[in-house]
Amino acid sequence: MKPFVFILLAFLSLGIHSDIDDYFSHNVTSSAGFYGETGILEIPNARFMEQGALSFTYSSSFPNEFTSLTASPFSWLEATYRYVEVENQKYGQSFYSGNQSYKDKGFDFKVRLLEEGYYMPQLAIGLRDIAGTGLFSSEYFVASKKLGPLDITSGLAWGALATNGSFSNPFGFLSERLETRSSMSGYELGGDFNYKDWFSGNFSILGGLEYDLKKYGLKFKLEYDTSEPDQLVPNRLPIDIQSRFNVGIDYFYSDSLRFGLGLDRGNQLRFSFTLKGIYSKDTILKPPPKTVQKLNEEQSNNIKNNKMLFYRSLNRSLRDESIFIQGASIDEDAVEVSVASATFNSFPRLAGRAARITSALSPKEVEEIKIHVLNGEFESFNINFNRVEFDKADNFNSSPQELLLNSSIESNSSKPFHTQSDFQPSVRLPQFDWSMNPALRHQIGGPEAFYLGQLWWKTDLTVKFQRNLTLYTTFGLDIYNNFDELNNPSQSTIPRVRSDIQEYLKEGKNNIQRFKLEYLTSPLDDLFLRLDFGLLEEMFGGIGGELYYRPFNKSYSLGFNFHRVRQRGYEQKFSFRDYETTTSNLSLYYDFPQGVTSHILIGKYLAGDKGVTLDLSRRFETGFTLGVFATFTDLSAEEFGEGSFDKGFYFAIPTELFYTDYRQGSIPFGMRPLTKDGGAVLNYHNSIYSIMSDTNNSSIRRDWLHVLK
C-alpha cells in the first residue's frame, strides 16, 4: 500500500512547480526599446508583450524623442504607433512653425515566426515606419534565446537600422531592386506602403544582450548599434558617435510601470518610461450574485393567489442587482421576465442573475424561466432556462456547459415581450437624464506646438419622450484653452469636411456638440431601424437614418446608412455653412473565431469621394477591443494630400476593469496620423451596430460562462 501511495503522490506532484522568481516582489519581463516595441534599446528583439496588452512608452535623448503606443492583439503580433520629435531639424518655415522641431509619425509591426523551444531561439520578423514618410523605415529578422537570466539577440536589418551597414544584400539575386534602396530622406509625400523598398539595400548584423537581476527588479541591456541618426534627415547637424555600443538599465517599479536610463553612442544620456496594462483579463475581483432567500410554503401559496405580490418582490430584488424589470408574466409552470441594465457588459451575466432571482422567488411548480434581455430600446434575445437544470448549475451540481445544452436561445425583436406582458412597471414620461464632467479636446503634433488643447466642461442631457423617441443634447463650456496659437489653416483642394478642424476648435470653444432627435424601432425580426434629425455632430447637421440587419444565428450582419447633411458653422451653435451633401454607405460585418471582426464599408463619403473602408478588430473576453482601419477612395494621392490615404487605429478599455464592481461603458481612443478630408464619414452617435453587434447567438455562447457569475 505504501509504495502505491508514494507513486500516487509523485504523479500528482508533476503539476507542482516552484521557482525562486516567485518570491521576488518585482516581475522583470521583456521591455520596450526606444521605438516602443518590445526590444533592447535601438534594436528590436524577438520578444513580445502578453496577449491583450497595451503600453505607452516615452523615450528621450538627442536627437530623437519618441512617444509611442504599442498593442498586442495576439501573442504573436505587436503593432506600434509612434510619434517622433527630431530635435536637430526645424519643422518648417519660421513664420508659421516658429522654433518647432521636426515631427514624424509612423506605424510598426512585428510578427513571431517561431516560438522559442529548448534548443531553438524565438524568431520574429518586423517592419518599422511602413506607412509614414519612411524616415525610420527598417526591416529585420531577429532571433532571441533565453539562457537563465541572460537573453541573447541577433539578427539582420535593412534600412535605417543598417545605415552603417557594410554587407551586400544576400537576397539581391532574387531581384535587382533588392540590391539598392531608394531615398530615405523622409520628405516625400508619405503615407504609402513603400513595399518596393522592403528588405532592399545593404544590411547590417544586429546583436545585443539583456540580463535580468530579478531580486532587485533590474534589467541590464547592451547592444551594437548600426544606425546613423544624423543621416536620416537632410541638412541635419552632424552627430558625434563615440561608440557603437548602447548600454541601459531598466527598473521595474511594478507590473505596469518601468523606468529606464541609457547611454546612446557613448555620449548621450537617455531617459525612458513605460506604462503597461494587460486588459485581456480582469484582475480585480467583482461582487458575486446577491443571496436571495427562496420562498417557503406559505409565501409560495400567497404568490399563487396574488400575482402582484410576485411582481413587486421580483421588481425589488432585481433592483438590488441593478437590474430593471421591463415586463413580467407568471403562469402555473412558467415565468417570463423582460430585463434591462446599465451595469453589466456581459449579457449572459445579466440573464443569469435575473434567472437566479426569478427562480428563488417563483413557486415550486414553475418549471421554465424565460429571460428577455433588452439593450437600448431593442429586445436583443431571450433565453429559455429549464429551472431544475439552472438550479443544479447554480448550486454547483452541474456545469454551465450542461446548462447550455438544456437551454434555448432565440430572438423575436419585432414582438418584444414587455409590450404584451401581464405586469409592466409604470414610467413617467418625458424622462430626463443628465450628466456633467470635465473633458479634453485637443490637437497633437501640429507645427505650432506639440500639444494644443482645451479643458472643457461637458454636459449631456437626454429627454425620452416615449420608449423609442429620444432627444440627445451635448454642450460644452470652456474652462481653459490655448487654441489661439493654432495657425495652420487647411490647404485642401477638395471640400473641407474635416481639415477645417482648427477653425472649429478656435471658434467653438463654447459649443453645442450635439442636438438631435432619434427614433428607434424593429419592424421585422432581426431588422433594426434608427432615424435621426438635428445637429448630428460637431461639424454636420442633417437628417437620415440607419438600417441594420442582424441574422441572429449567423456570423455576419449588414448595415446601411443614409444622411443628407449640411456643414455647421465654426462656432458650433445653430448656424450653417454653404456646403451640403448626401452621404451613404453599405457595411458588411463578419465575426471570425477568437473575437476577430471584419468590417467592410463601401459608399460615398462626406467630401463626395467614393471608396471602401477596411476595418479589422479583436475583442477579448473582458470587452477590451483593438482595431485598425484604412480607407481607399477615388481621390488621387495628390488630391488627398499628405498621408495619401486615410488610416488609423483605435482601442476601447472597459471601465469596469478599474473598479471593484460591474459597470457599463468604456474608455475609447482613436488616432489618425492626419486630419484629412478624403474618406471622412459622419461620427455616428448611438449607432445600431454599437447596440446590437454583441447580441447574436455566437456572442451569447462565447460569454456563456458568465451566466452563473
Side-chain angles (χ1 to χ4, degrees), residues 289-290 292 310 314-315 317-318 321-331 333-362 366-395 397-423 522 525-526 528 550-555 591 621 623 662 664 691-709:
K290 296 182 183 299
V292 182
F310 169 73
L314 183 62
N315 188 19
S317 296
L318 288 172
E321 279 276 26
S322 299
I323 299 172
F324 300 97
I325 190 170
Q326 307 297 305
S329 296
I330 183 171
D331 297 321
D333 60 353
V335 175
E336 287 192 68
V337 184
S338 180
V339 296
S341 176
T343 299
F344 301 103
N345 281 315
S346 169
F347 294 117
R349 178 174 284 117
L350 167 59
R353 294 201 175 193
R356 186 173 179 274
I357 292 171
T358 303
S359 178
L361 298 178
S362 298
V366 169
E367 299 175 355
E368 182 181 272
I369 297 173
K370 182 177 284 190
I371 303 297
H372 301 256
V373 175
L374 270 70
N375 192 33
E377 300 301 331
F378 300 119
E379 181 173 305
S380 305
F381 63 92
N382 62 76
I383 303 178
N384 191 353
F385 293 105
N386 180 292
R387 185 188 184 183
V388 173
E389 294 297 330
F390 183 88
D391 289 345
K392 281 172 59 179
D394 191 44
N395 292 313
N397 292 317
S398 72
S399 66
Q401 292 83 354
E402 290 174 286
L403 176 61
L404 177 59
L405 291 174
N406 290 283
S407 304
S408 61
I409 309 173
E410 301 170 341
S411 175
N412 297 289
S413 62
S414 64
K415 304 178 184 66
F417 167 73
H418 65 82
T419 61
Q420 49 194 319
S421 60
D422 288 344
F423 170 75
S522 176
D525 282 349
D526 295 332
F528 308 92
R550 179 219 60 181
F552 183 69
N553 293 310
K554 303 294 183 180
S555 296
D591 296 333
E621 182 183 354
Y662 293 106
Q664 286 187 352
I691 299 172
M692 301 300 296
S693 62
D694 222 26
T695 62
N696 60 8
N697 198 341
S698 60
S699 297
I700 306 308
R701 292 173 181 271
R702 178 198 65 204
D703 296 335
W704 185 259
L705 292 180
H706 300 166
V707 75
L708 300 176
K709 296 181 179 180

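Scope of the values below: all heavy atoms of this structure, side chains included, with no hydrogens, waters or symmetry mates.
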A.B. asks: Looking at Arg349 and Tyr662, would you say the former's side chain and the latter's main chain have a donor-acceptor pair under 3.5 Å?
C.D. replies: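 Pair absent, no side-chain N/O of Arg349 close to backbone of Tyr662.
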A.B. asks: Side chain of Gln664, backbone of Phe344: donor and acceptor closer than 3.5 Å?
C.D. replies: yes
A.B. asks: Please check if the number of heavy atoms outside Glu621 that lie under 6.0 Å from its CD is greater than 12.
C.D. replies: no
A.B. asks: Is there a side-chain contact between Leu403 and Leu708 in this structure, where contact means two heavy atoms from C-beta onward sitting under 4.5 Å apart?
C.D. replies: yes
A.B. asks: Are any side-chain N or O atoms of Asp331 and backbone N or O atoms of Asp333, one a donor and one an acceptor, separated by less than 3.5 Å?
C.D. replies: no
A.B. asks: Sub-3.5 Å donor-acceptor pair from the side chain of Glu389 to the main-chain atoms of Ser407, do we have one?
C.D. replies: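 Flag not set: sc Glu389 to bb Ser407 has no pair under 3.5 Å.
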A.B. asks: If only side-chain N and O atoms count, and only distance matters, is there a donor-acceptor pair under 3.5 Å linking Glu368 with Asn384?
C.D. replies: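 Asn384 vs Glu368: donor-acceptor pair found between side chains.
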A.B. asks: Looking at Ser421 and Ser329, what are the two nearest heavy atoms and their distance?
C.D. replies: CA-OG, 3.5 Å
A.B. asks: In Å and rounded to the nearest 0.5 Å, what is the CG to CD1 distance from Leu350 to Ile383?
C.D. replies: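 Going from the CG atom of Leu350 to the CD1 atom of Ile383 covers 9.0 Å.
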A.B. asks: Step by step, would you call Arg550 with Thr695 a side-chain hydrogen bond (donor to acceptor under 3.5 Å, both in side chains)?
C.D. replies: CA-CA 9 Å; Arg550 179 219 60 181; Thr695 62; 2.8 Å; yes
A.B. asks: Who passes salt bridge (Lys or Arg N to Asp or Glu O under 4.0 Å) against Asp694, sequence neighbours left out?
C.D. replies: Arg619, Arg702
A.B. asks: Are the side chains of Val337 and Ile325 in contact, using a 4.5 Å heavy-atom criterion?
C.D. replies: yes
A.B. asks: Listed by chain and number, what are the side chain to side chain contact (heavy atoms under 4.5 Å, CB included) partners of Ala355, not counting sequence neighbours?
C.D. replies: Ile369, Ile371, Phe385, Phe390
A.B. asks: Quick one: does Glu379's side chain have a donor or acceptor within less than 3.5 Å of a partner on Phe417's backbone?
C.D. replies: yes
A.B. asks: Pick one: which of Ser698, Ser413, Ser411 meets side-chain contact (heavy atoms from CB on, under 4.5 Å) with Phe552?
C.D. replies: Ser411
A.B. asks: Looking only at atom types and distance, does a side-chain atom of Arg353 sit under 3.5 Å from a main-chain N or O of Lys709, one as donor and one as acceptor?
C.D. replies: yes
A.B. asks: So do Lys370 and Glu410 actually touch side chain to side chain, heavy atoms under 4.5 Å?
C.D. replies: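 Yes, close enough: below the 4.5 Å cut-off.
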A.B. asks: Checking Arg356 side chain against Val707 main chain: does a donor-acceptor pair fall under 3.5 Å?
C.D. replies: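 Not a single qualifying donor-acceptor pair exists.
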A.B. asks: Supply the atom-to-atom distance Asp703 CG to Asn345 CG, rounded to the nearest 0.5 angstrom.
C.D. replies: 10.0 Å
